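The structure displayed is predicted, hence computed values, not measured ones.
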Amino acid sequence: GKLRDRTKLLSARARMRQGNPGGQQAELEALAASADKWTEVRARAALVNVYAATHDYERVLRTFEALKESRTPNEFLVPAGSAAALSLLRLGKISEAEKLSRDMLRRLDKKESPGQEGELRRLLARLYAQCGRLADAVTEAQLAAKSFEKAGDLYHAATAYGFIGDLYRE
């Protein structure tokens, strides 16, 4: 029933955090077909991370599209969208990655999720650097660093500032 599926899902997500996301794929795929919307949405969101970890970018994109079509709440959609944008970037679909990143930034509650904002802005900085838009890359990297600082994530703030230094050296 519903409670059993939810318990299985929470257990699979806990095992993912212990370092073997691919090992949970079959169970999460079964749970993504659950009649319970709560379980389905969370299983699909977790699958986006599994597929991203295993470099299965096409499945990341398909699973993200399924989440979008099922009117998934932004708290699950935005992190999945961030993974989908990174997948698009890795597939060389730069303009689609930029568009999706901007869409996810618009959906994001920046006060509640400064770390997620930092991730999206760091992705945009990388994207702009790849296509030679260095001024835009610097601007996004600066915004990423500030977002990571707000989140208390000093490691990622420092790497964002380091990226800016790398851009100036190029």
Side-chain angles (χ1 to χ4, degrees), residues 1-110 112-127 129-130 140 144 147-148 151-153 155-156 159-160 163:
K2 187 177 0 181
L3 185 58
R4 188 183 75 242
D5 284 354
R6 289 180 180 194
T7 303
K8 281 182 175 180
L9 171 72
L10 295 172
S11 176
R13 285 175 43 192
R15 289 191 305 276
M16 280 177 62
R17 281 191 216 96
Q18 292 171 345
N20 182 17
Q24 310 313 310
Q25 183 174 329
E27 185 168 13
L28 288 168
E29 285 172 344
L31 291 166
S34 173
D36 176 32
K37 183 81 170 159
W38 189 96
T39 299
E40 176 214 335
V41 162
R42 286 160 178 79
R44 285 187 187 192
L47 277 169
V48 167
N49 294 324
V50 168
Y51 298 145
T54 58
H55 310 289
D56 192 344
Y57 305 125
E58 294 295 339
R59 284 176 103 173
V60 168
L61 297 173
R62 283 196 308 271
T63 306
F64 171 71
E65 284 304 317
L67 281 168
K68 237 169 76 172
E69 288 168 14
S70 67
R71 301 198 186 287
T72 298
N74 284 338
E75 71 179 293
F76 301 105
L77 189 66
V78 171
S82 184
L86 182 57
S87 294
L88 287 166
L89 182 61
R90 291 199 168 134
L91 292 169
K93 298 178 179 181
I94 308 274
S95 63
E96 290 176 54
E98 178 185 14
K99 185 177 177 227
L100 180 56
S101 297
R102 292 273 171 221
D103 180 39
M104 292 301 106
L105 276 171
R106 278 189 294 279
R107 293 171 181 260
L108 187 65
D109 180 342
K110 292 170 187 65
E112 293 290 318
S113 307
Q116 188 67 51
E117 179 183 2
E119 293 291 334
L120 285 162
R121 295 206 179 274
R122 179 173 55 184
L123 174 64
L124 284 166
R126 286 176 50 196
L127 181 150
Q130 269 187 20
E140 289 299 336
S147 296
F148 286 130
D153 184 345
Y155 172 79
H156 284 108
T159 60
F163 184 68

Going through the checks in order, is the side chain to side chain contact (heavy atoms under 4.5 Å, CB included) test met by Leu77 and Lys68?
-> CA-CA 7 Å; Leu77 189 66; Lys68 237 169 76 172; 4.0 Å; yes
Check against side chain to side chain contact (heavy atoms under 4.5 Å, CB included), Glu117 and Ser113 = CA-CA 6 Å; Glu117 179 183 2; Ser113 307; over 6 Å; no
Kindly determine whether Asp109 and Val78 satisfy side chain to side chain contact (heavy atoms under 4.5 Å, CB included), including the steps that lead there.
-> CA-CA 10 Å; Asp109 180 342; Val78 171; over 6 Å; no
Stepwise side-chain hydrogen bond (donor to acceptor under 3.5 Å, both in side chains) check, Ser34 with Asp5 = CA-CA 8 Å; Ser34 173; Asp5 284 354; 3.2 Å; yes
Stepwise side chain to side chain contact (heavy atoms under 4.5 Å, CB included) test for Leu28 and Leu9 = CA-CA 7 Å; Leu28 288 168; Leu9 171 72; 3.7 Å; yes
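Under the side-chain contact (heavy atoms from CB on, under 4.5 Å) criterion, Gln25 pairs with Glu29, Leu47, Val50, Tyr51, Arg59, not counting sequence neighbours. Legend: residues meeting salt bridge (charged side-chain N to carboxylate O under 4.0 Å, His left out) with Glu140, ordered by chain and number and at least two apart, are Arg102, Arg121. In this structure Phe148 satisfies the ring-ring contact (aromatic ring centres under 6.0 Å, His included) test together with His156, sequence neighbours excluded.
A salt bridge links Arg107 to Asp103: one of the charged nitrogens lies within less than 4.0 Å of a carboxylate oxygen. Salt-bridge check for Arg122 with Glu119: passed, with a basic side-chain N closer than 4.0 Å to an acidic carboxylate O. Between Arg44 and Glu40 there is a salt bridge, since at least one side-chain N of the basic residue sits less than 4.0 Å from a carboxylate O of the acidic one.
Pro114 and Ser147 make their closest contact through O-CB, 3.3 Å (heavy atoms, listed as atom of the first residue, atom of the second, distance). Smallest separation of non-hydrogen atoms from Gly115 and Ala151: N-CB, 3.6 Å. Considering every non-hydrogen atom in both Lys37 and Ser70, the closest pair reads NZ-O, 2.9 Å. Taking every heavy atom of both residues into account, Leu123 and Ser101 meet most closely at CD2-OG, 3.3 Å.
Side-chain contact between Thr39 and Lys8 is absent, with no heavy atoms from C-beta onward closer than 4.5 Å. At a threshold of 4.5 Å between non-hydrogen side-chain atoms, the residues Val60 and Leu86 do not count as touching. Counting heavy atoms from C-beta outward, Gln130 and Leu89 have side chains that approach closer than 4.5 Å.
A donor-acceptor pair under 3.5 Å is formed between the side chain of Thr7 and the backbone N or O of Leu3.
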